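Notes follow the structure.
Order of appearance sets the numbers: ligands from 1, and atoms from 1 within every ligand. If you read the sequence from its start, that first residue is 1, and numbering goes on from there. As the structure is a prediction and not an experimental result, all values here were calculated from the model. Just so you know, these numbers use all the heavy atoms, side chains as well, and skip hydrogens, waters and symmetry mates.
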Amino acid sequence: MANEQAIGIFDSGVGGLSVLAHIHQRLPSESLLYIADSSYMPYGCKPEAVIQKRCVEISAFLSRQQCKAIVVACNTATAAAVHHLRASYSFPVIGMEPAVKPAVFHSRSKVIGVLATSTTSASDKFNRLAARFAQHARLIVQPCPGLVERIESGDLTGDKTRDMLSSFLQPLMRQGMDTLVLGCTHYPFITALIRDIAGGDIHIIDTGDAIACELERQLQSRKLLSENKTASIKFWSSGDAEKVAPVMSRLWGDKIMVQQLPF
Ligand code: DGL
């Protein structure tokens, strides 16, 4: 495995870009290959078996591209497939899960909100995590159907997104939540709107940087870190690449070219 090989990162759509940004910031010498599985988005209301099949196909593609590690930049896909992917590859496979443990540590009121997709909220993996770390806290899990689609459409501040988000946050606020876990990688893109609705005092936890740290740790321990001065970032989508490119460019903060994924 050569140090200059790329790291593959994927999500159902644009959400994983929030993780990609942390990885690029922490590891600027790494070449990155990002896949948005736009034609299967949203994952969050699909059965785990369907998501697992896509994760297997995407990971096989990334492996054929000679990636030295894979980051599943999606809580829903991690819950559905990470154990399977780890069993299939000898290189590091990093997944993500809602940051329940740090939330319990930070919260004073011990009333913690978790925004997640329906599939993540219902998953065994998440429910085991909640049972393990939130015994001495009140964890209120709020599935957010429709919210990922709002973000995919590029509407981060409009009335439709605000109304939908308000309806998800109000019950948590009424119950005295002081800490909010973003349990889906799309949600960091609406942090400003969350603060606007829930107030500036709310402690918001996003796991993007923790994942970048874990990736760095795993590459370091296998002596796989790159020192490439000309690292590149490439973007792929299974949807209509021309259609998704403008939203991806906007969320990434730079004009990007998106290639068509062949499956
Ligand atoms: N971004 C994904 C996550 O972290 C889910 C998006 C979707 O529902 O497709 O869970």
Side-chain angles (χ1 to χ4, degrees), residues 8-23 34-59 70-83 85 93-100 103 113-127 129-130 141-156 161 164-165 168 180-191 193-194 204-212 214-215 235-239 243-244 247-248 251-252 261:
I9 297 150
F10 73 90
D11 177 44
S12 62
V14 299
L17 294 173
S18 67
V19 182
L20 190 75
H22 285 286
I23 293 173
Y34 183 84
I35 293 183
D37 194 13
S38 321
S39 65
Y40 280 77
M41 183 286 299
Y43 280 176
C45 55
K46 293 195 169 61
E48 286 199 346
V50 174
I51 302 167
Q52 197 181 94
K53 188 164 177 285
R54 285 305 287 173
C55 292
V56 166
E57 285 166 1
I58 291 169
S59 300
I70 289 180
V71 177
V72 185
C74 174
N75 295 262
T76 313
T78 298
V82 80
H83 57 286
L85 302 181
V93 177
I94 320 284
M96 48 201 313
E97 59 190 14
V100 173
V114 180
L115 300 184
T117 67
S118 304
T119 304
T120 299
S121 330
S123 69
D124 288 345
K125 196 169 190 304
F126 175 71
N127 285 298
L129 180 82
V141 185
Q142 175 65 62
C144 304
L147 195 53
V148 159
E149 291 92 317
R150 298 303 315 145
I151 296 164
E152 288 281 334
S153 78
D155 178 7
L156 308 181
T161 305
M164 183 183 280
L165 185 58
F168 296 140
L180 181 66
V181 177
L182 304 185
C184 167
T185 54
H186 281 71
Y187 305 159
F189 290 118
I190 49 167
T191 301
L193 190 56
I194 293 173
I204 299 176
I205 305 189
D206 160 26
T207 33
D209 190 47
I211 295 309
E214 177 59 15
L215 173 65
F235 298 87
W236 300 73
S237 168
S238 61
K243 264 198 188 150
V244 296
V247 179
M248 284 179 73
L251 297 181
W252 181 245
L261 199 66

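Closest heavy-atom contact between Gly95 and Thr78: CA-OG1, 3.7 Å.
In Asn75, the parts holding a heavy atom less than 4.0 Å from any atom of ligand 1 are both the side chain and the backbone. Only the side chain of Ser12 comes within 4.0 Å of ligand 1, judged by heavy-atom distances. Both the backbone and the side chain of Thr185 come within contact range of ligand 1, each with a heavy atom under 4.0 Å.
Counting heavy atoms from C-beta on, the side chains of Ile151 and Tyr187 come closer than 4.5 Å. Between Tyr34 and Trp252, every side-chain heavy-atom pair lies at or beyond the 4.5 Å cut-off. Using a 4.5 Å heavy-atom cutoff, the side chains of Cys184 and Val148 are in contact.
Proximity to His186 (heavy-atom distance under 4.0 Å) selects the following atoms of ligand 1: 1 (N), 2 (C), 6 (C). For ligand 1, the atoms closer than 4.0 angstrom to any heavy atom of Asp11 are 1 (N), 2 (C). Against a heavy-atom cut-off of under 4.0 Å, Thr117 is close to the following atoms of ligand 1: 5 (C), 8 (O), 10 (O).
Scanning the protein heavy atoms around atom 10 (O) of ligand 1, the nearest turns out to be Thr76 OG1, 2.6 Å. Protein heavy atom closest to atom 2 (C) of ligand 1, with residue, atom name and distance, is Cys74 SG, 3.2 Å. The closest protein non-hydrogen atom to atom 8 (O) of ligand 1 is Gly44 N, 2.8 Å.
Using modelled atom types, one side-chain atom of Lys46 and one backbone atom of Pro42 make a donor-acceptor pair closer than 3.5 Å.
Rounded to the nearest 0.5 angstrom, Asp11 CG and Asn75 CG are separated by 9.0 Å.
A side-chain donor from one of Ser38 and Ser237 sits under 3.5 Å from a side-chain acceptor of the other.
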